[in-house]
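Read through the structure below, which is laid out as structure tokens, and then see the notes.
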Amino acid sequence: MRAKTKRVLEELKKEYPDAKCELNYETPFQLLVATIMSAQTTDVKVNEITDTLFVDYPDLESFSQISQEELENRIRTIGLYRNKAKNLLMMCKQLKENFGGEVPQTMEGISSLAGAGRKTANVVLSNAFGVPSIAVDTHVFRVSNRIGLANADNVLDTEMQLQKELPKKEWSLTHHLLIFHGRRCCVARKPKCSLCVINKDCNYYKEILKSEK
Ligand code: SF4
């Protein structure tokens, strides 16, 4: 691990001592559902839905009984809700038919499910099963490439570069730290660079300072 990476992680750990998954869930199945719903929307919006949805339909058995129409109604406040409802019901069917009703604990298994790609698999593996993973979502992609922890133009290369750069035991926490930083400071438009605790180590900020000279 480069000295810069070490400093960045130390600072982010100090800044966000509570960094963790911000989706609410009690079981691997609920996390899988919430993560599929979270594509292109906020965790806050997903939590608003699952706060009651998981009370009424807490597990695979009950969730599988929901009709497409009811599920659409329950999740209509998030984007792509029709597609997500369809995928969630298909995913339930696949869990029953292909995995004996259990959420699989492999990248291959989870990413074979409807609505679940590599990012969803990494989130579930890391948070529900304790498998070291770096899920690269929009925040992790933006923040890690701005800082210079990665230098990639797509999420897969970013994930591979972060895996090389970081010891395995840091993967899951780094994912949360970068998301926390991306939501609170290194936002997409107008990042708060002058207030940022890692600005001395950030390539993006160095470029801004250079251009202002
Ligand atoms: S200095 Fe700016 S661009 Fe760099 S990590 Fe901080 S907020 Fe993001």
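What you see below is based on every heavy atom in this structure, not just the backbone, and it leaves out hydrogens, waters and symmetry mates. Read the numbers this way: they start at 1 and go in the same order the structure lists the ligands and their atoms.
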Subject >> All pairs passing side-chain hydrogen bond (donor to acceptor under 3.5 Å, both in side chains) where residues 185-194 contributes a residue, at least two apart >> reply: none
Subject >> Glu10 with Lys13: basic N within carboxylate O range, under 4.0 Å >> reply: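 Looking at Lys13 together with Glu10, the answer is no, because their closest N to O distance does not fall below 4.0 Å.
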Subject >> Residue among Lys6, Arg2, Lys4 satisfying salt bridge (charged side-chain N to carboxylate O under 4.0 Å, His left out) with Glu165 >> reply: Arg2
Subject >> Number of protein N/O/S atoms that sit closer than 2.8 Å to atom 4 (Fe) of ligand 1 >> reply: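 The number of such protein atoms is 1.
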**OP:** May I ask you to check whether Phe63 and Phe29 place their ring centers less than 6.0 Å from one another?
**Re:** yes
Original post:
Do side-chain atoms of Thr5 reach the backbone of Met1 as a donor and acceptor pair under 3.5 angstrom?
Top reply: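 No, the answer is negative, given that no donor and acceptor are paired below the 3.5 Å cut-off.
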**OP:** Evaluate the side-chain proximity of Glu159 to Asn122: yes if any heavy-atom separation is below 4.5 Å, no if none is.
**Re:** yes
